[in-house]
Amino acid sequence: MTLRFQNDFSLKALNTLGFDAVAERFVRLHSVDEIRELRSEVLQSNSPLLFIGGGSNLVLGSKVHGIVAQLAMTGYQVEALDEARVRVTVGGGENWHELVCRSLEQGIYGLENLALIPGSVGAAPVQNIGAYGVEVKDRLEAVEVYDWKEDRVYWLSNASCEFTYRDSRFKREGGRYLIIRVRFLLSRLPQTVTTYAPLRALLSESEREKPEAVFNAVCSIRREKLPDPAELGNAGSFFKNPVVSPEVHQRMKEAYPSLVSFPDRGGFKLAAGWLIDQLGWKGRQMGDVAVHENQALVLVNRGGGDRNQLELLAKAISQDVLDTYGVELEPEPRFYP
Ligand code: FAD
Ligand code: NAP
């Protein structure tokens with residue numbers, strides 16, 4: 001038995017909301033052998049199991065029964081496919097932002113729009129992380145998984161991951177796959193994406209071609225706009241941007257001419273932050289949780305907040321949006337348990 005379980009382990013530093021959550025048992029996984037050992041233990045003890053990365057997309061209850069396991073498998077390998085294309089294979093336990101910085105420093109481009117997203121490399125495909133017009137699926141070749149159900153390690157191609165907007169088969173089939181490595185297809189040639197207006201506004205025409213400049217602009221906007229979880233607990237955007245049909249969009253645009261929306265998936269994606277902001281939620285507090293002053297899509301823990309309070313606030317916001325616009329909001333983070 002090589003696994004080292006820690007009992008009554010505080011997850012306060014392992015969830016960016018900073019909730020006071022305690023795991024009954026906590027363990028770090030360094031190899032596939034250890035994963036297999038954990039599987040035997042889970043089957044034997046019939047324990048619930050949660051995989052955790054950086055806890056930046058999780059809303060935890062105060063007592064987390066069973067086992068919480070964090071992947072600690074690291075590694076970074078670069079393989080040149082030709083003069084331009086580079087395959088980069090990264091351990092799921094690596095930090096996402098450090099990967100973005102490291103690849104950029106080596107003149108390997110493609111991840112710059114995804115700078116400063118908290119969390120681990122292994123969790124990035126789970127919700128197909130995206131920002132400023134780039135999603136991880138646009139840069140990903142395959143993921144290596146441990147299939148919990150079949151006790152097998154194998155690679156899944158990009159297509160097999162069934163990525164959609166902030167979603168994937170990993171999110172839908174929660175708990176079946178532990179992502180242990182991710183393989184990216186990046187480039188030595190700049191492939192910048194600067195379609196988002198705030199990003200364009202910060203960059204001159206020549207800078208728009210330079211991945212380093214795009215990286216710096218993304219970091220600068222995010223630092224200004226988003227609360228740093230180290231200072232103010234949050235889980236990033238709390239709701240997904242809803243998509244409505246062209247007919248519904250037309251009616252809403254007539255009623256609310258300043259509605260922020262973008263053509264997407266055969267309909268229109270509405271900026272959830274705009275819908276919430278219009279209803280006056282920015283800065284409003286319920287108990288110890290609140291809507292951030294600068295960004296209506298971000299819910300924050302002012303200290304002492306918990307899952308129940310956050311759920312109440314999120315429900316009040318969703319209900320208000322539904323009553324006013326007839327649009328349903330879906331939370332982005334996972335609630336556990
Ligand atoms: P966790 O929160 O620990 O886990 C998330 C889910 O993934 C859980 O269901 C967990 O069980 C599962 N999981 C974790 N690791 C693995 C693994 N190795 N294999 C299988 N399943 C696993 N998201 C965006 O898309 N775009 C953004 O721009 C963005 N900005 C953010 C800004 C802030 C300030 C914050 C707090 C969050 C932001 N997020 C954003 C959300 C979050 O950072 C991402 O979803 C991130 O990928 C979560 O990584 P994590 O390691 O913290 O995952
Ligand atoms: P923003 O730039 O103020 O834009 C508001 C919304 O409009 C965003 O949600 C974005 O959708 C959409 N949008 C803006 N320009 C667009 C374009 N040219 N084409 C299509 N959609 C467009 O957003 P923000 O809140 O400051 O966030 C900036 C980026 O970082 C966004 O991509 C956002 O998703 C990402 N982010 C995500 C999280 C998270 O936790 N998920 C947290 C912080 C930031 P999209 O969200 O679909 O891109």
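As the structure lists them, so they are numbered: ligands from 1, and atoms in each ligand from 1.
Numbered from 1 in the order shown, with element, the atoms of ligand 1 that lie under 4.0 Å from a heavy atom of Ala235 read 35 (C), 36 (C), 37 (C). Residue contact check: Ile117 has heavy atoms under 4.0 Å from atoms 26 (N), 27 (C), 28 (O), 29 (C), 40 (C), 43 (O) of ligand 1. The ligand atoms of ligand 1 that sit less than 4.0 angstrom from a heavy atom of Ala131 are 28 (O). The Leu226 neighbourhood of ligand 2 comprises atoms 43 (C), with distances under 4.0 Å to a heavy atom of that residue.
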Q.
For Leu202 and Ser220: C-alpha separation, side-chain torsions, deciding distance, then whether side chain to side chain contact (heavy atoms under 4.5 Å, CB included) applies.
A. CA-CA 9 Å; Leu202 270 194; Ser220 142; 3.8 Å; yes

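Inside a 4.0 Å radius of atom 4 (O) of ligand 2 there is not any protein heavy atom.
Using cut-offs of 30° and 60° on the angle between ring planes, the pair Tyr177 and Tyr154 is perpendicular. Note: Phe238 and Phe335 have perpendicular aromatic rings, judged against thresholds of 30 and 60 degrees for the angle between ring planes.
Looking from atom 46 (O) of ligand 2 to the surrounding protein, the closest heavy atom is Asn241 ND2, 3.1 Å. Protein heavy atom closest to atom 42 (C) of ligand 2, with residue, atom name and distance, is Ser237 OG, 3.1 Å. Regarding atom 2 (O) of ligand 2, its nearest protein heavy-atom neighbour is Pro198 CG, 3.8 Å. Of the protein's non-hydrogen atoms, Tyr132 N, 3.0 Å is the one closest to atom 32 (O) of ligand 2.
Across Leu71, Asn57, Ile52, Val218, heavy-atom proximity to atom 41 (C) of ligand 1 is greatest for Asn57. Heavy-atom proximity to atom 43 (O) of ligand 1, evaluated over Gly54, Pro229, Gly119, Pro118, is greatest for Pro118.
If you look at Asn234 next to ligand 1, the close heavy atoms, those under 4.0 Å, come from the backbone and the side chain alike. With a 4.0 Å cut-off on non-hydrogen atoms, Arg222 touches ligand 1 through its side chain and not its backbone.
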Using residues 127-135 as the side-chain source, report each donor-acceptor pair under 3.5 Å to any protein atom, sequence neighbours left out, with the distance given to one decimal.
residue : atom : partner : partner atom : Å
Gln127  : OE1  : Asn57   : ND2          : 3.3
Gln127  : OE1  : Lys171  : NZ           : 3.3
Gln127  : NE2  : Glu332  : OE2          : 3.1
Asn128  : OD1  : Val136  : N            : 3.4
Asn128  : OD1  : Lys137  : N            : 3.1
Asn128  : ND2  : Thr164  : O            : 2.9
Glu135  : OE1  : Lys137  : NZ           : 3.3

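Under the side chain to side chain contact (heavy atoms under 4.5 Å, CB included) criterion, Asp82 pairs with Ala84, Arg85, not counting sequence neighbours.
Contact between Phe170 and ligand 1 is absent, with no heavy atom of the residue lying under 4.0 Å from the ligand. Within the 4.0 Å heavy-atom cutoff, Gly130 counts among the residues contacting ligand 1.
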